[in-house]
Amino acid sequence: MRRSIFGFLFVSILIVGCMGGELKMKYYEKRCSSVSVETTVRDIVWSKVAANPAMAAKLLRLHYHDCFVRGCDGSILLDPVQNSTTEKTAGPNRSVSGYDVIDEIKTALESDCPGIVSCADILALAARDAVSFQFQKEMWPVFTGRKDGAVSLASEVGVNLPSAGANFTTLVTQFGNKGLDIHDLVALSGAHTIGTSRCVLVARRLYNFTGVGDADPSLNVTYANELRKICPNPQIPTTTLEMDPNSSLSFDSDYYQALNQNKGLFVSDAALLTNPQSAQITQVLQNPSVFFARFARSMVQMGAIEVLTDDQGEVRTNCRVVNKQ
């Protein structure tokens, strides 16, 4: 029975990815006959994650932050020019990193297959490969054929990108605006199984949740005390802490086990337990096999948000700047 369920989920992934006829598997196979685009991306990403396991979370986050603002168009990669502020300069993106890895991949592909592979596709492939290194196999299919956008505005980040302090209603609305449902919300929140954050994002939950010097009552008391030791008041801006306690370098379902013990780090994590349907999903996703399958499906869905194809965008020669007209 279990095998048939996951077989159905994988078929669902393929159907969702192909419905629009916009993104395709092996899009670059004939367009870059001299080199395998997927292999080039994988080899570089796997070497980076092998050297620095924390890189996996960074590249996954980079793709996520890109897709929720203007869709998966690589707009987060654009550097500010003159007096303009681009997405990467917005507050929520100032701690995003991994740009240098994308640059390295782009340089390699431009050498072997100039002007063909978009930065948006590199982001999607790199995110998949970053997570997949741990398992030494592809954890979800990546459909390609995205084009790069030419617009990047810092002002659009705050209203589109779900924040660590968002409640359930806000999260459902923001995900729904991107064509994602409650199952995608809970599954993609599982990305918090890897990576770290900073004390400033949890300080209010620990020290002043309702403005009277109190802690968030939904937070596990023992866990809250542990967090206060790591994040004393006032906070040290550079102090980091694991989003998934004692498991921040391993992509697994431990996030949901911790969450159901009221050990979700962010308000947005705890929010998943405030709705009966999403709370039930968090329990189901404690099973690693179910989580991997659901996460795979939702990553394909997220990777198709508002994509530009054909003549709707361009293929940047440098991911940090738009092409000169």
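Note that this is a predicted model, so its numbers are computed, not measured.
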Notebook entry, point to check: Quick one: do K147 and E314 make a salt bridge, cutoff under 4.0 Å?
Noted result: no

Check: Where the side chain of R128 meets the backbone of W140, is there a donor-acceptor pair that is under 3.5 Å apart?
Finding: yes

Check: Thinking salt bridges, do R146 and D73 make one under a 4.0 Å N-O criterion?
Finding: no

Notebook entry, point to check: Does any N or O in the side chain of S278 come within less than 3.5 Å of the main-chain N or O of L272, such that one atom is a donor and the other an acceptor?
Noted result: yes

Notebook entry, point to check: Salt bridge or not for D103 and R320, using N-O below 4.0 Å?
Noted result: yes

Note to self: Could you check whether any side-chain N or O of T89 sits under 3.5 Å from a backbone N or O of T85, counting only pairs where one atom can act as donor and the other as acceptor?
What the structure shows: no

Item checked: Side chains of Y207 and D214, donor plus acceptor under 3.5 Å -> no

Item checked: Short side-chain donor-acceptor distance under 3.5 Å, K58 and N52 -> no

Margin query: Quick check against the 3.5 Å criterion: does T144 have a side-chain atom that pairs as donor or acceptor with the backbone of D121?
Written below: no

Item checked: NZ/NE/NH1/NH2 to OD/OE distance under 4.0 Å, R42 and E138 -> no

Next item on the list: Assess the pair F143 and Y27: is the distance between their ring centroids shorter than 6.0 Å?
Entry: no

Margin query: I'd like to know if the side chain of Y255 pairs up with that of D269 as donor and acceptor (distance under 3.5 Å, no hydrogens or angles considered).
Written below: yes

Note to self: Tell me which one of R70, E87, H65 satisfies side chain to side chain donor-acceptor pair (under 3.5 Å) with S75.
What the structure shows: E87

Margin query: Donor-acceptor pair, distance only, cut-off 3.5 Å: does the side chain of S250 make one with the backbone of S247?
Written below: no

Check: Does a donor on one side chain and an acceptor on the other come within less than 3.5 Å for N167 and T170?
Finding: yes

Margin query: Hydrogens and angles aside, do T193 and D244 bring a side-chain donor and acceptor to less than 3.5 Å of each other?
Written below: yes

Notebook entry, point to check: Does any N or O in the side chain of D66 come within less than 3.5 Å of the main-chain N or O of G74, such that one atom is a donor and the other an acceptor?
Noted result: yes

Notebook entry, point to check: Is there a donor-acceptor contact under 3.5 Å linking the side chains of R61 and S95?
Noted result: yes

Item checked: Output field: ring centroids F251/F295 closer than 6.0 Å -> yes

Checklist line | Heavy atoms of other groups near E306 CD, more than 12 under 6.0 Å | finding: yes

Check: Would you say the side-chain atoms of D148 pair up with the backbone N or O of S118, donor to acceptor, closer than 3.5 Å?
Finding: no

